[in-house]
Amino acid sequence: MWTELLPIGRSSASGGYRRYAWTGADADCRAWFREQAEARGLDYEVDRNGNQWAWLGDPAAGDAVVTGSHLDSVPDGGAFDGPLGVVSAFAALDELRSRGVPLDRPLGIVNFGDEEGARFGLACVGSRLAAGQLTVEQARLLTDGDGITLPRAMEAAGYDPEGIGADPERLARIGAFVELHVEQGRALDLSGDQVGIASSIWPHGRWRFDFRGEANHAGTTRLGDRRDPMPAYAETVLAARRAAELAGAVATFGKVAVEPNGVNAIPSLVRGWLDSRAAGQETLDTVVREIEGAAREHAAAHGIDLEVVRESVTPVVEFDHALRDELARLLGRDADLKVPVLGTGAGHDAGILATSVPTAMLFVRNPTGVSHSPAEFAAEDDCVAGVRALADVLEGLARR
Ligand SMILES: [Zn+2]
C-alpha cells in the first residue's frame, strides 16, 4: 500500500506532499482508496460530503465499528499524517481476516475529505459537514487562493456539491469510531512506548494582535520620537514564550504582517497571530491573559495602540471515557504492549466526530515528534505494532 501511495502528490523540490482537497493528487489518493476497498470485496460508497467509505457488512444494521483517517496533506506535509490511519485500517482488516475472526457488527473504513484545510483554510471540512458543525451556507463561501469556491472545486473533481450538509443518519449508524494517527509530538518516544491512546484534544485558540504606531523615516526619526510597534510586538512574542513555558502550555506567533513592510520605514502596523493550546481551558485562559497583559504593558511603554481580537476558540474534546477504557482493556491483554493515555495539541476528524459518536484515537510513536513536514517519520516496527493494536481493538469491539 505504501509503495503505491508514496509518489502521489510528492514535490520533487521539497520531498513533501501537496495533496490538497479536490486536486489531481487528491483524486489519485481517492482512486487508491477505492481500489483498496474493491480489492478486498468491500462495499464502496461516497457520502454527500465527499467522504469515502468501505464497508464489510451492511452499515444499515447499525452499531457499526468504523476506523480510518484522511489522505490529504498540509503544504509539504509528511507521508504519515493521515495515510497511516487509512493504510493501518486496511491492514488491520487483513489481519482480522487472517485471524478468521467472525464479526458481529458492520466494519467500516473511512477517508475523510479535506482534513488539513490546506486549500480552503478550514480544517476537517468533510467531518465538520457530516457532523453539522459547518453549515452549508458557510461551506459554500469557502474559497481557495485562486478564488475557486468549495462547491466549484468539488464539481471540477467530479463530485456533486448540491447534497453537502449534515448527515446525522449516516453518523447514527456508527457505534464506535477509532482513528489511528501518527503522534505529532514526542510523548511516546520519551515514555518508550510504541502505541498510545488519546485522552483528549487540548483546547486551543487563535488571537490577532494589532499593534498600531506611526510610519516614519527609518533614517531621520530620532529613537525617542518614534511610535514603533515592532519592539512592543517583539516583547510580546518573548512574553508568550515565557508564559507558555511556566504553564506547561504552548504559544506561537507563527504569522505576522507588517505595514508598510519597508526596510527603511518604521512600521505603522504590526499584526501578529497567536496560536495557543494547553491541557485545560483554565490554563489556556491564564496563559492568554498573561500574554495580553504583557502586550498591553509593552504597547503602553512604546506609545502604541493595541487591539486584541479572538478569532477562534475550540474547547477541549474529551474522547468517550467508556470507549477509551475499553481500548485500554483490549490492549492491556497483550502483556508486551504498554499503552499510555495521552492528550494531544493537534486537531483531528476524531475530535469533530466525538460530539456525535463514541470516539477514540490510537497514536503511533514518532521518534522525532516532527509532523507537517517531510521529516515526519514512524518506524516500520511501530507501524506494525499500531496495526496489531488497531486489529485487537476492532476485533474486541466488533465481536460483542
Ligand atoms: Zn492528520
V66, T359, V110 screened by side chain to side chain contact (heavy atoms under 4.5 Å, CB included) with I174, the one that passes: V66
Test of understanding: clusters of I, L, V, M, F, W, Y form through side-chain heavy atoms closer than 4.5 Å, transitively. Do L129 and I148 belong to the same one? no
Can you see whether S371 engages E376 through a side-chain donor-acceptor pair at a distance of less than 3.5 angstrom? yes
List the steps, then state whether side chain to side chain contact (heavy atoms under 4.5 Å, CB included) holds for R128 with L122. CA-CA 10 Å; R128 269 185 218 274; L122 179 69; 4.0 Å; yes
C383 to V364 - nearest heavy-atom pair and separation: N-CG1, 4.2 Å
With the 4.5 Å side-chain cut-off for hydrophobic clustering, are V182 and L331 part of the same group? yes
Can you see whether W55 has R173 sitting over its ring - NZ or CZ less than 6.0 Å from the centre and within 45° of the normal? no
Are the charged groups of R99 and E95 less than 4.0 angstrom apart, N to O? yes
What's the separation between atom CG in L103 and atom CZ in R399, rounded to the nearest 0.5 Å? 8.0 Å
Salt bridge check, R208 against E311: does any charged N sit closer than 4.0 Å to a carboxylate O? yes
Taking atom types as modelled and ignoring hydrogens, do the side chains of H181 and D81 form a donor-acceptor contact shorter than 3.5 angstrom? yes
dist L269:CG -> E259:CD (nearest 0.5 Å) comes out at 4.5 Å
Taking CZ in R206 as the centre, count heavy atoms belonging to other residues, nucleotides or ligands within less than 6.0 Å. Is the count above 12? no
Within the distance-only criterion (no hydrogens, no angle test), does the side chain of T344 pair as donor or acceptor with the backbone N or O of L342 below 3.5 angstrom? no
Could you go step by step and tell me if F90 and F33 meet the ring-ring contact (aromatic ring centres under 6.0 Å, His included) rule? CA-CA 9 Å; F90 285 116; F33 182 95; 5.3 Å; yes
Enter the distance from H372:NE2 to D76:CG here, rounded to the nearest 0.5 Å. 12.0 Å
With a 3.5 Å cut-off and no angle check, do the side chains of D381 and Q194 form a donor-acceptor pair? no
Enumerate the side chain to side chain donor-acceptor pair (under 3.5 Å) contacts for residues 280-294, please, sequence neighbours excluded, ordered by first and then second residue. Q281-D285, E292-R296
Measuring from N111:CG to L71:CG, what's the distance to the nearest 0.5 Å? 4.0 Å
Please list all pairs meeting salt bridge (Lys or Arg N to Asp or Glu O under 4.0 Å) that have one or both residues in residues 359-369, counting only residues at least two apart or in different chains. R365-D382
F363 vs H348 aromatic rings, parallel, tilted or perpendicular, using cut-offs 30° and 60°? tilted
Ion pair R329/D325, N-O distance below 4.0 Å: no
Are V387 and L362 linked, directly or through other ILVMFWY residues, by side chains that come within less than 4.5 angstrom of each other? no
On the 0 to 90° scale, with breaks at 30° and 60°, tag the W2-F80 ring pair as parallel, tilted or perpendicular. tilted
Between D28 and R19, is there a salt bridge with N-O shorter than 4.0 Å? no
Gap separating the CD atom of E235 from the NE2 atom of H302, nearest 0.5 angstrom: 5.0 Å
Using the ring pair (Phe, Tyr, Trp, His ring centres under 6.0 Å) definition, which of the options F211, F209, W207 pairs with F253? F209
To the nearest 0.5 angstrom, please state how far the SG atom of C29 sits from the NE2 atom of H70. 11.0 Å
V339 and L84: same hydrophobic cluster, using ILVMFWY side-chain contacts below 4.5 Å? yes
In plain terms, say whether E137 and R140 are close enough for a salt bridge, that is, a side-chain N and a carboxylate O under 4.0 Å apart. no
Which residues pass the salt bridge (Lys or Arg N to Asp or Glu O under 4.0 Å) test with D189, not counting sequence neighbours? R186
Please check: side-chain N/O of R48 versus main-chain N/O of A166, any donor-acceptor pairing under 3.5 Å? yes
Would you check, one step at a time, whether the test side chain to side chain contact (heavy atoms under 4.5 Å, CB included) holds for L353 with E179? CA-CA 10 Å; L353 253 61; E179 179 172 1; over 6 Å; no
Evaluate the side-chain proximity of L188 to P340: yes if any heavy-atom separation is below 4.5 Å, no if none is. yes
Test: K255 and D275 ion pair at under 4.0 Å: no
Apply side chain to side chain contact (heavy atoms under 4.5 Å, CB included) to residues L6 and Y17 and explain how you reach the verdict. CA-CA 9 Å; L6 281 173; Y17 288 96; 3.3 Å; yes
